[in-house]
2 protein chains.
Amino acid sequence: MSLVLPSTGRRVPCEQCPLRPLPTFRDFTVPELKFVSSFKTGEMTAEPGAAIVSEGAHSAHLYTVLSGWAFRFKTLDDGRRQILNYLLPGDLVGLQGSIIGEMEHSVEALSPLVLCVFQRDRLDELFRNHPGLGFDVTWLASREERMLDDHLLSLGRRTAIERAAYLLAFLHERAIAVGLGKGNVQIPLTQQHVADTLGLSIVHTNKTLRKLTNRGLIRWLGRSCEILDAGELARVAGWDGPAERVRPLI
Amino acid sequence: MSLVLPSTGRRVPCEQCPLRPLPTFRDFTVPELKFVSSFKTGEMTAEPGAAIVSEGAHSAHLYTVLSGWAFRFKTLDDGRRQILNYLLPGDLVGLQGSIIGEMEHSVEALSPLVLCVFQRDRLDELFRNHPGLGFDVTWLASREERMLDDHLLSLGRRTAIERAAYLLAFLHERAIAVGLGKGNVQIPLTQQHVADTLGLSIVHTNKTLRKLTNRGLIRWLGRSCEILDAGELARVAGWDGPAERVRPLI
DNA sequence: CGGGGTCTTGATAGCTCTCAAGGGTCGTGG
DNA sequence: CCACGACCCTTGAGAGCTATCAAGACCCCG
């Protein structure tokens, strides 16, 4: 697990953010955009495997993913790891820590990652002067809650193959929404990540993914997974899709 | 599953709320309390088994639990049910629906329940005129997120007996925090609820709870569970406890 | 007194884990 | 160039955990 590369100065001005024009993100007013722009202090990059935030850290920062993939996880004392959710462009990182004060999960980069860094201590100013943005932060927290609800349903009540199909359909959907994947989407994952997300052993995960491969739904490429038939994956999982709607981008 | 009893007029004024003096809840300023009081339109009661909100409902209300127990859950098409979390006094109900627009989970009463009913369409006024309360709503959403993170870790990576011990220690902790349980805490649950929370079958849940009973950690009373040794339950689960701190009450 | 809900227990089937071993790729150093 | 280690993916076999099936006890209530 390598270290995070130090922050370099800002590069992409919020007004020219490559994410904002995407149809998934709602339009911001000029004052909102101006505040967000001033809220951002710089950018940070990280390589795959780098720890972005660590469980127990007290002075967590607040970030938004600008590009790349990451994941949130917790571990038990004996090392068992559970991946909680994935982070894609447009997702807030470290909100729990910023709001409540201490991180209770860790975050690690899955691909080369670029993060926008925000001034955490100006969060109250955001709520005071831009109620709409305050509402948006709550909106994003509710969205995360929904995804976790879905994951809980999956871990608790879906079979192994349903879980795998759900996870891959879910990640496919999210990747598409933020404009990743021209043609077939490739997800930068190892089977160990999948296992730690689904609550399965690595061996059984492998055998389960093989079934999906044999059905022609996915293809494994070594450190990444190509989605060939997202619709059929969702059907196998019994998953309706996310009803993802336009969301804020902070 | 019986129906919800219709709302009757308000009874408990927020200024005399029996929950607010508890040490778990932060003190509110006079204007905050005044707003919350005006935000509340009445109360609603429900009997055990009553549906408070249903998945897919579009016009969900926003509530806070005043007294009693409830739970949130989702189901798959074939009826498999997963309990996502429990609701105790002081918890918001229906925030996801209020923020995003549509409920993606259902809520059911576990005991006789009293809810404070709020005017959902004044939520934006809350954010506009009381930034501190807006922050509090986000705080509560983050708290829920944390609990879900813990549950995911449990479902994904704990064994059956660890999961059961975790769940009961968790509910014990929450009950204590809101002043339930003089002496030993009794949790109004059936083993079916436990099974649907832990992602286990009812039979195996029974056998697992028996082990905890034989170790003298709990006692099953028919439709409820008495916690005899919460510390040992937490130890069995490998759970540190919640680091629960003072929280807002809306 | 019957019926429904809850809790309990044993037996068997089936799913998942662990153990073990091997192949492949990639980057590094001899 | 080749050896080597590290990491990732794959597969088989047997053990262990969990689901399902089945049956019965208990309680409350109409």
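Labels below follow one simple rule: chain letters A, B, ... track the order of the sequence lines, proteins then strands, and each chain is numbered from 1.
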Side-chain N or O of B:Gln191 closer than 4.0 Å to phosphate OP1/OP2 of C:dT8: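 The answer is yes; a side-chain N or O of B:Gln191 sits under 4.0 Å from OP1 or OP2.
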
D:dC9 phosphate, OP1 or OP2, under 4.0 Å from A:Asn206 side-chain N/O: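 No, A:Asn206 has no side-chain N/O under 4.0 Å of OP1/OP2 on D:dC9.
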
Please give, in whole Å, the distance from [N] [atom2] to [X] [atom1]?
X        : N      : atom1 : atom2 : result
A:Gln192 : C:dT18 : CD    : C1'   : 14 Å
B:Leu189 : C:dT6  : CG    : P     : 12 Å
B:Glu226 : C:dC7  : CD    : P     : 15 Å
B:His193 : C:dG5  : NE2   : P     : 13 Å
A:Trp220 : D:dC8  : CH2   : P     : 12 Å

Where protein sits on nucleotides 16-30 of chain D, one letter per nucleotide: B base, S sugar-phosphate only, - none, heavy atoms under 4.0 Å: --SSBB---------

Residues B:Asp229, B:Arg235: salt bridge by 4.0 Å N-O rule: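 B:Arg235 and B:Asp229: not salt-bridged.
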
Cation-pi, A:Tyr166 ring and A:Arg158 (6.0 angstrom, 45 degrees):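 Judged by the rule (NZ or CZ under 6.0 Å from the ring centre, within 45° of its axis), A:Arg158 counts as positioned above A:Tyr166.
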
B:Ser54 side-chain N/O to B:Ser106 backbone N/O, donor-acceptor pair under 3.5 Å: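 Checking the backbone N and O of B:Ser106 against the side chain of B:Ser54, no donor-acceptor pair under 3.5 Å is found.
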
Backbone of A:Glu104 reached by a side-chain donor or acceptor of A:Lys74 within 3.5 Å: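 Side chain of A:Lys74 to backbone of A:Glu104, a donor-acceptor pair under 3.5 Å: yes, one is there.
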
A:Arg223 side chain, from C-beta outward: closest of D:dT11, C:dT9, D:dC7: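 Selected nucleotide: D:dC7.
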
Stepwise ring pair (Phe, Tyr, Trp, His ring centres under 6.0 Å) check, B:His193 with B:Phe71: CA-CA 9 Å; B:His193 291 119; B:Phe71 63 94; 5.0 Å; yes

Stepwise salt bridge (Lys or Arg N to Asp or Glu O under 4.0 Å) check, B:Arg143 with B:Asp91: CA-CA 10 Å; B:Arg143 171 175 176 266; B:Asp91 290 343; 3.3 Å; yes

